[in-house]
Amino acid sequence: MTYTLAVCAEMVFRDLPVDERARRIHDAGFEVEIWDWTRHDLTALGRSGAIFSSMTGYLRGSLTDEDGTAELLRTAEESVKAAQRLGCPRLNLHGTGLDGDGLPVVPVPGEPTGPMWIAAHRTLTRVAELGESAGVTFTLENLNTAVDHPGVPFAKAADTLALVAAVDRPGLRMNLDLYHAQIGEGNLIELVRRAHGPGLIGEIQVADVPGRCEPGTGEINYPAVARALTALGYEGTVAMEAWASQDSERALERFRTAFTPA
């Protein structure tokens, strides 16, 4: 296995405090991801012994309007400081701020316009510069609009890939979420190859479809994806951002099995 496995602590062991979830994930041999760091005790997380691989990289804001951009950059700076406390190397972004239900704070009807693309490119360039000066990498995640995140701009994997390629700076990479991509676009292995070739993947996230539970509970052939990643020589992180269908420990083992090529 050339890549590292991580698990999102927001979605497993949900009856435990988040620092204990992180400890359990770490003890099982995985790195740990969290979402909104403001909801957690960073000191307790730091004492958990876990290795943190990713966290939310902004609190509010958007890529395309002046006020939203200013707020995104301001809260991204706050997120960098939190990430440095935990030694977390990657901070995650979306096309716009999301509310507690995953819905866009400022929804966009239809496809992003040309001026929105230009503004997003300008904003992400500034985000990349921030990441480079702080020694962290921001990742732009693709989402699906059909089930979980209607109205989010730049949601498709093709959109996030295009923006990351256009910015073309080491401080910005793509968070290629294969759960969202399966719902929105499909053809996952070819998508991985297309993003991996120019080195644009910052990390890969996985869950199965339908249901967003661990690999092996739905239609995606994740062992085939794992073999493709190994053949490509992918050396980044594969993170399970999925609900446990039953027992959390079993979900972690199913994830490990799916991404341990035979």
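- Side-chain contact between Val127 and Leu73: present, with at least one pair of heavy atoms (C-beta onward) separated by less than 4.5 Å.
- Side-chain contact between Gln205 and Leu178 is absent, with no heavy-atom pair separated by less than 4.5 Å.
- Nearest heavy-atom pair across Val136 and Cys88 is CG1-O, 4.0 Å.
- Side-chain N/O atoms of Asn175 and Asn92 include a donor and acceptor closer than 3.5 Å.
- Placement of Trp35 and Leu140 in two distinct hydrophobic clusters is found when ILVMFWY residues are connected by side-chain heavy-atom separations under 4.5 Å, directly or transitively.
- Donor-acceptor pairing under 3.5 Å is lacking for the side chains of Thr56 and Trp37.
- Considering only heavy atoms from C-beta on, Trp243 stays 4.5 Å or farther from Val12 through its side chain.
- The two residues His196 and Ile201 have their closest heavy-atom pair at N-CD1, 3.8 Å.
- Donor-acceptor pairing under 3.5 Å is recorded for the side chains of Arg90 and Thr237.
- Using bins of under 30°, 30° to 60° and over 60° for the plane-to-plane angle, the ring pair Tyr3/Tyr234 lands in the tilted bin.
- Aromatic ring centres of Phe255 and Phe30 lie closer together than 6.0 Å.
- Ring-centre distance between His149 and His180: below the 6.0 Å cut-off.
- Remark: side-chain polar atoms of Asn142 are paired, donor with acceptor, to backbone N or O of Asp177 under 3.5 angstrom.
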- [ ] Kindly determine whether Leu176 and Leu191 satisfy side chain to side chain contact (heavy atoms under 4.5 Å, CB included), including the steps that lead there.
- [x] CA-CA 9 Å; Leu176 177 51; Leu191 177 59; 3.7 Å; yes

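- Taking the side chain as every heavy atom from C-beta outward, Leu42 and Leu86 approach each other to under 4.5 Å.
- Side-chain contact of Thr69 with Thr123: a donor-acceptor pair under 3.5 Å is present, judged by distance alone.
- There is a side-chain donor-acceptor pair under 3.5 Å between Thr43 and Arg85.
- Residue Arg256 qualifies as enclosed at atom CZ: its count of foreign heavy atoms under 6.0 Å is above 12.
- By the 30° and 60° cut-offs, the orientation of the rings of Phe154 relative to Trp117 is perpendicular.
- Contact check for Val152 versus Leu98: side-chain heavy atoms found under the 4.5 Å cut-off.
- Under 3.5 Å, the side chains of Glu235 and Thr2 contain no donor-acceptor pair of N or O atoms.
- Phe259 and Pro215 make their closest contact through CE1-CG, 4.3 Å (heavy atoms, listed as atom of the first residue, atom of the second, distance).
- Taking all atoms of both residues into account, the shortest heavy-atom contact from Ala239 to Glu203 is CB-OE2, 3.4 Å.
- The two residues Gly216 and Asp208 come nearest to each other via the heavy atoms N-OD2, 3.0 Å.
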TODO: Using the side chain to side chain contact (heavy atoms under 4.5 Å, CB included) rule, take His40 and Glu10 through it: C-alpha gap first, then chi angles, then the decisive distance, then the call.
DONE: CA-CA 11 Å; His40 303 314; Glu10 311 283 352; 2.9 Å; yes

